[in-house]
There are 2 protein chains.
Amino acid sequence: MSKAGADEGGAGGCGDSAKQLEAKDEKGGKLLSKPSAGSGWTKVSCPCCFSERVEPLVLVKLGGKVGPETKRWLIKVIGAPQKDGGAALLAHPGEDASGDIIVVSAPRCTLLRAAEELGLCKTYRSGDMEAFSYNDRDNFKDSDNMEVFLTLAERQYIVKYELDGLRVQRDLRIPGLPESRMLQKRDNIWQKLSSAGVVVDTFPLHNRKKLKDLGEAWYSGNQLAQPLDSVNDYFGSAVAFYFSFLDFYTWSLLTPAILGLAISYFSGEVKKEMVDSVSGSKVIINDDDSGPMISGHMLQAMFSMIWSTVFMELWKRRSSSLSYRWGTMNLAERFAEPRPNFYGDLGVNPVTGRVEPLFPEWKRDLRMVLVSVPVVGLFLGLVVLGMMCFYWGEAQVKQLHKDWNSLLSQALLYIPSVLHIVYTNMLGNVYRNVAQSLTEYENHREESAFENHLTAKILVFTFFNNFAVLFHIAFFKQDVPLLRKRLASLLIVSQLVNQVTEVVIPFLVDRFISAPHRTESEDDPKEDKFRNQRTLPVFPGLFAEYIELLVQFGYLSLFSCVYPLTAVLLLINNITEIRSDAYKICNLFRKPFSPPVANMGVWQVAFEVLSFVSVISNCWLLLLSPRLQELCREGGLSSTNVLLLAVFGEHVLILIKFIMAALIPDEPDWIRKKRDQMEYTSMQALKEQKLQPEVS
Amino acid sequence: MSKAGADEGGAGGCGDSAKQLEAKDEKGGKLLSKPSAGSGWTKVSCPCCFSERVEPLVLVKLGGKVGPETKRWLIKVIGAPQKDGGAALLAHPGEDASGDIIVVSAPRCTLLRAAEELGLCKTYRSGDMEAFSYNDRDNFKDSDNMEVFLTLAERQYIVKYELDGLRVQRDLRIPGLPESRMLQKRDNIWQKLSSAGVVVDTFPLHNRKKLKDLGEAWYSGNQLAQPLDSVNDYFGSAVAFYFSFLDFYTWSLLTPAILGLAISYFSGEVKKEMVDSVSGSKVIINDDDSGPMISGHMLQAMFSMIWSTVFMELWKRRSSSLSYRWGTMNLAERFAEPRPNFYGDLGVNPVTGRVEPLFPEWKRDLRMVLVSVPVVGLFLGLVVLGMMCFYWGEAQVKQLHKDWNSLLSQALLYIPSVLHIVYTNMLGNVYRNVAQSLTEYENHREESAFENHLTAKILVFTFFNNFAVLFHIAFFKQDVPLLRKRLASLLIVSQLVNQVTEVVIPFLVDRFISAPHRTESEDDPKEDKFRNQRTLPVFPGLFAEYIELLVQFGYLSLFSCVYPLTAVLLLINNITEIRSDAYKICNLFRKPFSPPVANMGVWQVAFEVLSFVSVISNCWLLLLSPRLQELCREGGLSSTNVLLLAVFGEHVLILIKFIMAALIPDEPDWIRKKRDQMEYTSMQALKEQKLQPEVS
């Protein structure tokens, strides 16, 4: 570490320069943006990276007991060049050398090198998006201006990526820490510092001006379109993909909503007519009347199936053009460093030739098949068991109440529900920890693989929890009216809860708690403003948002033929949801780090699976529809034959769905061509390159 | 064309040289293998390609009325360098300048360049397979010896590829042909010559010595393993993939065969016991006895499902290692010239930058969806209609016979069957032509895409034709005994027919018709021997072989639980099938051209689809099993509930199948690594290459 000697002085003398800085701040309020060599930032090691403006990107919050020598050492490590085991970033000790924050930024070279390592695509001089190459940087548009070339989210993610990747080059003691905290060779520095309590928090900083502009374009006015590119710029592609999907999904709801309105309008009329006819003659049902009712039900089921397929296929196309547009179509995570928690025997990666921990694929597969799958299955079984116990218990207490009919037994009536809720919540909490450990145990090399496997595990469980009751009603109790009632109440209740938790509460919090905070901080020194951002809660991730959409989509595609107004309610909900989600992420949380991603990952699969299950469910509900059963009875079909017909129909529909999904290409033509072109040029380049040593 | 002036003399003087050649032949019998400059072969244009030995690869048979000036012109075109619009091959006019054959070979440079264009992988000096690059040829193993570097099949395919790719550079009249046969710019020469009757046939030549060696290793002895690498070498990867699959499939049949034997042994015993018990007490069925019978049936169905999944997944793994081994894992058909029949507006290919016909993807998709799918559907409908008419007609004549009971009405009994057979055959023939035209109309750019779409169309139809009756019996008549009888007779009859047509007849033909032919030709001039190969019939392609396997696989996976001995019969059949197929392709047909392929193409999909359908079919058959139904009746389950259970079970099984298919990786680990490595190096190379112009 001591090789980074060039910065020793800078780090030592930052107490003075910080004061200097404050003085400047009072003049222009641009303290950190215009540092001279002695502004408090560590010096850059290469001349090309020297810049007038240093943009504060990430805040590192240190533990309260961290001594100045530890902080100095940390700043040195952050600033040291990569060949000396540093992160080659820029560090600023904040307003006070002994303060508990470090502000981190990144020089141009580090950003560009990391952009290449991550496999980001950027606009080439030809106008196409091409995988960025550091050596070829001059041919990329705007590669001299980092604030245009890389998005804010990318710059901040790169800082995190570099910090997370810090590894000890040889055994060493951290100054100011006890012997027991010795670092061994190849230890991950940032992980060790976190577990030692030196680093408490690392989070990206908001850029107030950009945030204000973004907010105005996003949720303040009455605009219909979201500024997705700006969202990608500010929050990164993971968040931008969520909002793009929300947008696409909401507008796709228009058609089912219109159909649902039409059906419930007409079927209402039909009902009335039926009531009339029934009041006239109780036994004979007019065939002309029952016709439209059936066809409305069937129409909804058929439509729902086709709609969900087409919707998912079109989204895939949109998703791939977005990923081209945002330069994430060619991410090279496989070829980058493994994620910090990845362990294995040290060896030479056969693909990249780098020394890194290796872990055989078959071992991971084995762990998944032999450990993860059974454990997840066990928990799903526990959910079912809980539900069965609940029903059994309910029947018992009802019986008891009937027998005793006392106040005590009336109170007992609530016990099964309470127990079930407690049980479900406890199970959910335990499961979350188990899923985390299981995924950790599976030891995925890439961050995205880890995330996807973790998400998949929690998702299956949550989904099961949400739908087990509905499925139970639909498939076992076979009680369509109850299903309809339940669905309607779920939709309305969940929407009310939604609106309150996502719109009203955030608004109140912002108005009466955050806002006063904000105004008073206008005159504070810049560092305190950064520090203030820590008072905001951590962004909880997109899981809750996605699962909400998934559950919605489930209600819609699985059961909507029972309750045609589902789509209408969802449409209304989602239009407000867009705004409230946007408001929330902008104002109520710390800014999240967001790795560049090429698609929605496992969520896409979840939506697709659901749209398959919807075929089964719709066929089944169609079969249960009392009108259809009546008609069949009139037609002289036995219930077995009707069932056979339904099963046959289901298989045909699934086949049609498969064919439709196969026929609609997942990528627009022009993306496929660009991809081919990339492949072709790199094939050609490979051949050329092999030739080089021969020629030279 | 006239730029190829260097060869004028050579082509003109070949009459003499042919005589010279014959003289040499009498001395050493090695006529075509050791040509001097005047040996009759056109001269090579580059010095590096000059070789002592020229290997005759392909025979071009000219029409009877083709004049010597046309032949001279054709030889010149074949021999001219590519920049002059020639094929850069070597041509030999045969024993006589005015004879009706041209023997074609290829010089080293043409072979190597085409190998690069096709994207063949060859052993690099590092020992890995890498995409061959002409400029880097010296780093590839054996690249100086074409007969080792490229397989015989590859060399011959390259000759065909070059001939097929010949295009006219400017309008021109072919010498010796009427004005009406003028060639326009960019016309495909070989196609025009074929339609003008100048070229009657183009086929690769057998290499007697290699063929003999191959035959000895393949079918003469009692060896169990096939010499697949030699098959790939001699017949190309398409044929080699068929035999590898046949091999893999046959050995995979061992497990179901053993299980089938066990089940039929035990169930036989059980049956006997049952008969005993029934004779004792007619009504009460002993539960202990019926147990194993049911479980045998169920065991077979479950096993059949798991087996077919595992089998297909393992085959995919094997297939990908074979394609690595044979250097076809990285074929660049997309980037090569489009197939000759491809049409479209001339334009610049955005991917490769070459001028070639372009045809928009969406237009092709539209044609498939709006034309091909409905037409194919129509024909399938006609098959069903035919079947229904047949059943109706049969019922009618039976009734008639009952009423009249005369000799005439007895004769009438056969009419429906006869009509149905005639109808089916006619429909089949019409359909084959329709499928060809439809696929041509879809206008696929790549030969392999064309083949796959054509095969898929014919396959669906043939399969439907084969299984419609069985499905009808199983699903509509629900008559398990009839199904069992039918299946057994189909298996035994088709096997007898197979053995006769594929083993006995070929043997007889070879012994009594081909063999005398062969011995007398030993002393003939070489050219006549080549010409003799034309007397053999054209190889009909692998469609019939594959469909036979597919139908077998269908019997096995769809219906085998009804007739447990299916696998045993198939195993016996296939062991002989391997030999008879090998014998057939080696001795009874002309050698086929075989493009390099990376897998079985559409056949793989067909087998996978079948293995999915098998789940449905097995569940259904299980449900029909009389013992199960009896048991359920005893257990007090209504038939509707049993059906529901079966449907539920089917869905669970399909889910399990999906999960199994997803969990078993399609490629072995090491292949995936190699592939990653290739991608990584070409990514790196791309970055390096972009840098080159800057540096130089």
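All chains are named by letter (A, B, ...) in the order of the sequence lines, taking the proteins before the strands, and each is independently numbered beginning at 1. What you see below is based on every heavy atom in this structure, not just the backbone, and it leaves out hydrogens, waters and symmetry mates.
B:His651 and A:Ile616 make their closest contact through CD2-CD1, 3.3 Å (heavy atoms, listed as atom of the first residue, atom of the second, distance). Between B:Pro350 and A:Lys673, the shortest heavy-atom contact is CG-CD, 3.4 Å.
At a heavy-atom cut-off of under 4.5 Å, chain A is reached by B:Phe658, B:Leu663, B:Pro665 from residues 653-666 of chain B, listed in order of number.
By number of non-hydrogen pairs under 4.5 angstrom with chain B, the leading residue of A:Lys674, A:Gln677, A:Met678 is A:Gln677. Ranked by heavy-atom pairs shorter than 4.5 Å toward chain A, the options B:Val373, B:Thr352, B:Asp365, B:Val647 are led by B:Thr352.
With sequence neighbours left out, B:Glu446 forms a side chain to side chain donor-acceptor pair (under 3.5 Å) with no residue at all. When the salt bridge (Lys or Arg N to Asp or Glu O under 4.0 Å) test is applied to A:Arg675, the partners found at least two apart in sequence or on another chain are A:Glu667. With sequence neighbours excluded, the residues forming a side chain to side chain contact (heavy atoms under 4.5 Å, CB included) with A:Pro360 are A:Trp362, A:Lys363, listed by chain and number.
With a 4.5 Å cut-off on non-hydrogen atoms, A:Asp669 touches chain B through its side chain but not through its backbone. Contact annotation for A:Trp620: only side-chain heavy atoms (C-beta onward) come within less than 4.5 Å of a heavy atom of chain B.
One finds the CD atom of A:Glu650 at 7.0 Å from the CD atom of B:Glu650 (value rounded to the nearest 0.5 Å).
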